[in-house]
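Here the structure comes first, spelled out in structure tokens, and everything after it is commentary.
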Amino acid sequence: MIKIAIAALTLLAALPACAQTHPPQTAVAPPEPEPRAQALPYSPAIVSGDTIYLAGHLGFLPGTRNYPEGGIGPQTTQVLENIGATLETVEATHADIVRCQVFLADITDFAAMNAAYRAFFPETPPARTTVGVAGLAANALIEIECTAVRGHGGQ
């Protein structure tokens with residue numbers, strides 16, 4: 001019984017130290033701010049220590065609410081360029097991405113999406129999940145969210 005009480009006290013004493021090890025979180029502003037009327041209640045990314053959690057990005061052309069013409073390939077490229085612009089604001093690159101979740105409005109676009117995606121990750125692509133969904137915001141064909149670790153790409 002005494003050993004259990006000592007272990008419990010040791011654990012309780014360690015809790016404040018554990019709580020202090022979590023770095024503060026910082027919200028990242030969009031590289032191209034959305035017009036006020038269209039601003040949505042989310043952060044494009046949250047930085048916690050060296051980890052960057054990127055919200056789902058769409059393939060809008062910079063400064064517009066328009067997609068590039070040509071379907072899934074150009075939209076995939078634009079999404080990944082938009083992700084790159086967000087990463088740049090926190091001194092990170094595509095090479096720092098460790099995980100992606102890809103959402104496709106039409107799963108039959110899988111091969112064409114992969115062709116465009118591969119250009120951004122030619123050697124060691126991040127871990128990835130790809131799913132087909134019933135629909136995406138703003139009639140997008142693709143949405144990608146990622147997790148990155150600053151400095152990971154330099155290893």
Side-chain angles (χ1 to χ4, degrees), residues 15 17-155:
L15 285 177
C18 290
Q20 292 173 7
T21 62
H22 294 288
Q25 294 182 0
T26 306
V28 175
E32 299 246 350
E34 293 185 37
R36 195 113 174 101
Q38 297 179 13
L40 299 172
Y42 78 99
S43 298
I46 294 289
V47 177
S48 180
D50 285 331
T51 304
I52 306 156
Y53 300 93
L54 289 98
H57 281 58
L58 302 178
F60 290 132
L61 293 165
T64 76
R65 300 291 278 174
N66 302 316
Y67 298 110
E69 292 184 21
I72 192 66
Q75 273 197 42
T76 301
T77 297
Q78 189 61 56
V79 170
L80 289 165
E81 287 175 0
N82 294 348
I83 287 169
T86 300
L87 287 169
E88 205 171 276
T89 67
V90 294
E91 300 175 1
T93 69
H94 288 99
D96 294 317
I97 296 173
V98 296
R99 177 144 172 69
C100 288
Q101 293 81 40
V102 177
F103 305 93
L104 294 173
D106 184 348
I107 197 65
T108 64
D109 285 337
F110 186 76
M113 177 277 298
N114 271 321
Y117 183 94
R118 183 173 283 115
F120 287 83
F121 307 105
E123 293 190 22
T124 307
R128 187 182 87 190
T129 301
T130 303
V131 295
V133 296
L136 292 168
N139 295 317
L141 299 178
I142 184 169
E143 181 171 351
I144 301 176
E145 70 177 62
C146 302
T147 303
V149 177
R150 210 174 358 222
H152 170 75
Q155 294 179 356

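The two residues Pro68 and Pro74 have their closest heavy-atom pair at CG-O, 3.5 Å. Between Ala55 and Ser43, the shortest heavy-atom distance links the atoms CB-O, 3.4 Å. Closest non-hydrogen pair, Tyr67 versus Ala137, comes out as OH-O, 3.8 Å. Listed here is the closest heavy atom pair of Thr76 and Tyr117: CG2-N, 3.9 Å. Summarising the geometry of Val79 relative to Gly59, their closest heavy-atom pair is CG2-N, 3.2 Å, with the distance given to 0.1 Å.
Under the 4.5 Å side-chain criterion, counting only non-hydrogen atoms from C-beta, Ile97 is in contact with Leu87. Residues Glu145 and Phe103 form a side-chain contact, since some pair of their non-hydrogen atoms from C-beta on lies under 4.5 Å apart. Considering only heavy atoms from C-beta on, Ile144 stays 4.5 Å or farther from His57 through its side chain. Two residues are said to be in side-chain contact when any heavy atoms from C-beta on lie closer than 4.5 Å; Ile142 and Val102 meet this criterion. Side chains of Cys146 and Ile83 form a contact here, defined as non-hydrogen atoms less than 4.5 Å apart.
When atom types are taken as modelled, the side chain of Asp96 and the backbone of His152 share a donor-acceptor pair closer than 3.5 angstrom. Formation of a donor-acceptor pair under 3.5 Å by the Thr86 side chain with backbone atoms of Asn82 is found in this model.
By the 30° and 60° cut-offs, the orientation of the rings of His94 relative to Phe120 is tilted.
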Can you list, pair by pair, the side-chain donor-acceptor contacts under 3.5 Å of residues 104-114, counting residues two or more places apart and other chains?
unit_1	atom_1	unit_2	atom_2	d
Asp106	OD1	Thr108	N	3.0
Asp106	OD1	Thr108	OG1	2.6
Asp106	OD2	Thr108	OG1	3.1
Asn114	OD1	Arg128	NH1	2.8
Asn114	OD1	Arg128	NH2	2.8
Asn114	ND2	Phe110	O	3.4

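How far CD1 of Ile46 is from CD1 of Ile52: 11.5 Å, rounded to the nearest 0.5 Å.
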Working note: Arg150 + Val47, criterion side-chain contact (heavy atoms from CB on, under 4.5 Å); need CA distance, chi angles, decisive distance, verdict. CA-CA 10 Å; Arg150 210 174 358 222; Val47 177; 3.3 Å; yes
Thr129 vs Arg99, test: side-chain contact (heavy atoms from CB on, under 4.5 Å). Steps then yes/no. CA-CA 8 Å; Thr129 301; Arg99 177 144 172 69; 3.1 Å; yes
